[in-house]
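In what follows, a single structure is set out as C-alpha cells and then discussed.
Atoms within a ligand are numbered from 1 in the order they appear, just like the ligands themselves.
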Amino acid sequence: MFKTELCDLLGVEYPIIQGGMAWVSDAYLAVAVSEAGALGVIAAGHIQDPEDLRREIRTAKELTSRPFGVNIMLMNPLASQFVELVLEEGVPVVTTGAGNPGKFISCLREAGVKVVPVVASVALAKRVEREGAHAVVVEGTEAGGHIGELTTMALVPQVVDAVSIPVVAAGGIADGRGFLAALALGAHGVQMGTRFAASTECRVHENWKRAYLRARDRDTVVTGRSTGHPVRVIRNRLAREFLKLEQRDASMEEFDMLGVGALRRAALEGDVEMGSVMAGQIVGLIKEIKPVKEIIGEIMAQARRELEMLQSLMGG
Ligand code: TUI
C-alpha cells in the first residue's frame, strides 16, 4: 500500500525521505531511516571539510546496503566539492536546498545519481525539471530551518500541476494524516525533518529533543525575514534577540555576532537558549522520542486507517 513512482525511483519501500538537517542528520540517522525502508539523507550543510563528508558517506555504506542520499546545501561554499565527492563515492541520491542546483544537475544525472532538489516555488520546480531533476521536494513555509513563503497546502498542488516529475511534499508533515493529505494534494511522497530529528537514533543533543517535546503549536518563529534569510526556529532567548535586532534594522555584523555558530551551539552543545533550535511548525505534535522504525510504521498504519475512514464516508 502507498507504493508510488517515488519508491521505484529511489529504490525504497515507503515514499518517505528524511530531510537533510545540518548538524542533525548524520550517517547514523540516515542509516536508521534507510534500514526502516525509507530514504535516509546525510546533511552536508554544516560540513567545512569535504573529508568529513566522505567519512559520513563511508560510515553509511558500511552500515547499510540500502540506498541513502546526501543533502547539499547550496549556500555552503564547498557545494561543488561535495558534488565531486558524492560522484567519487557513488552516492545514489542527492537532494539540494537553499538555492538553485542547476549547474550540478547534468553531471550528477550522467553519473546515474538521482537528483531531487528542494524548492519553494513553482518557477524553480519547473526550472529544475527542465534541467533534468528526477523529482522535486516542494517545501512549504511550515518547515523548519531555511524556508520559503508559501504554505505546503497552497504550493504542492500548484507544483503538481506545473511539472511531470514526481513531487514530494515537505513542511508541516509528521504523521499519517499529513502523509495522506500530501498524497491527496497530488504528491508522490513526503519529506520529514522535524519528526526524524525527534527519533531515538538521531544523535542531536538531548536538550534539543527535550525542547521539541516542550514545544507547542505557536512556539516556532521565523527570524531573518528582514535580512533575506528566513529561518524557522523554536522561540528562545536567541530568537527574541534576533527579532529585536531586526526591529531596529541592526547591522550585518550584529546579526553575525548572534547567528554564527548558533546551530552548532544548540545541536551539539545543547545550548537551547542561546543556540538556534530549528524546527517545523508541526513540532507541537511530537510527544515522544521514538525509534525510526516505529515512526515510519505508525505513519503508514495511521494513513491506512484514515484512508479507510474516508472511504467509509463514501459508503464503501
Ligand atoms: O535548505 C533548507 N533548509 C535549511 S538549510 C539550513 S543550513 C543553515 N544554517 C544556518 C543558517 C541558515 C541555514 C537550514 N535549513 N530547506 C530547503 C529549502 N530550499 N527551503 C527553501 C529553499 C529554497 C529557497 C529559495 C530553494 C531555492 C530557492 O531559490 C533560490 C533561487 O536561486 O531561485
Side-chain angles (χ1 to χ4, degrees), residues 17-26 41-48 53 69-79 82 94-105 115-131 133 135-152 154-156 159 167-173 190-194 196-197 204 208 220-234 238-239 242 252 255-268 275-281 283:
I17 301 177
Q18 168 240 315
M21 298 165 282
W23 290 110
V24 176
S25 15
D26 61 4
V41 176
I42 296 168
H46 60 294
I47 292 181
Q48 286 164 14
L53 178 59
V70 166
N71 175 261
I72 299 180
M73 207 276 277
L74 296 162
M75 277 164 20
N76 187 316
L78 299 177
F82 294 158
V94 163
T95 66
T96 65
N100 177 3
K103 63 178 177 201
F104 301 126
I105 296 177
V115 186
V116 187
V118 180
V119 303
S121 68
V122 170
L124 190 56
K126 285 168 75 166
R127 184 159 176 178
V128 296
E129 176 183 48
R130 240 186 359 258
E131 288 164 337
V136 272
V137 174
V138 174
E139 191 182 273
T141 196
E142 297 94 319
H146 179 87
I147 49 169
E149 282 180 20
L150 294 167
T151 60
T152 302
L155 183 58
V156 170
V159 174
V167 167
V168 180
I173 301 166
V190 300
Q191 176 180 276
M192 300 186 299
T194 302
F196 286 126
V204 74
W208 176 294
T220 72
V221 284
V222 180
T223 60
R225 275 219 168 94
S226 64
T227 62
H229 294 289
V231 173
R232 184 177 301 284
V233 292
I234 288 185
L238 177 71
F242 224 94
M252 235 18 193
F255 282 114
D256 282 351
M257 287 239 289
L258 267 188
V260 171
L263 184 54
R264 180 183 194 284
R265 234 172 7 249
L268 234 75
S276 173
V277 187
M278 295 184 181
Q281 286 184 327
V283 70

Around atom CE of M257, are there more than 12 heavy atoms of other residues, nucleotides or ligands at under 6.0 Å?
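Counting other residues, nucleotides and ligands, CE of M257 stays at 12 neighbours or fewer.
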Where the closest heavy atom to atom 31 (C) of ligand 1 is concerned, which of V137, N71, N100 has it?
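Selected option, by shortest heavy-atom distance: N100.
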Looking only at non-hydrogen atoms, which of H146, M73, M21 approaches atom 8 (C) of ligand 1 most closely?
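Going through H146, M73, M21 one by one, M73 has the nearest heavy atom to atom 8 (C) of ligand 1.
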Can you check whether a protein heavy atom sits less than 4.0 angstrom from atom 26 (C) of ligand 1?
yes
Tell me the contacting part of M278 for ligand 1: side chain, backbone, both, or neither, using a 4.0 Å heavy-atom threshold, strictly below.
side chain
Is ligand 1 under 4.0 Å from a heavy atom in the side chain of E139, in the backbone, in both, or in neither?
side chain
Under 3.5 Å between any N/O of A98 and any N/O of ligand 1: does that happen in this structure?
yes
Take V94 and F104 through the side chain to side chain contact (heavy atoms under 4.5 Å, CB included) test and state the conclusion after the steps.
CA-CA 10 Å; V94 163; F104 301 126; over 6 Å; no
Identify, by atom number and element, the atoms of ligand 1 in contact range of V118, meaning under 4.0 Å from any of its heavy atoms.
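It comes down to these atoms of ligand 1: 17 (C), 18 (C), 19 (N), 26 (C).
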Hey, which atoms in ligand 1 end up nearer than 4.0 Å to a heavy atom of L124?
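Here the atoms of ligand 1 in question are 27 (C), 28 (C), 29 (O).
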Applying a strict 4.0 Å limit to heavy atoms, is G99 in contact with ligand 1?
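G99 counts as a contact of ligand 1 under the 4.0 Å cut-off.
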Measuring only between side-chain heavy atoms, which start at C-beta, is M252 closer than 4.5 Å to T227?
yes
Are V122 and L155 side-chain neighbours, meaning at least one heavy-atom pair lies under 4.5 Å?
yes
Would you sort out whether N76 and F82 count as a side chain to side chain contact (heavy atoms under 4.5 Å, CB included), showing the intermediate values?
CA-CA 10 Å; N76 187 316; F82 294 158; 3.5 Å; yes
What is the minimum heavy-atom distance between S276 and V233, and which atoms define it?
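For S276 versus V233, the nearest heavy atoms are OG-CG1, 3.3 Å.
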Where do A43 and G20 come nearest, in terms of heavy atoms and distance?
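Minimum heavy-atom contact is CB-C, 3.7 Å.
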For atom 12 (C) of ligand 1, which protein heavy atom lies nearest, and how many Å away is it?
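Protein heavy atom at minimum distance: V231 CG2, 4.0 Å.
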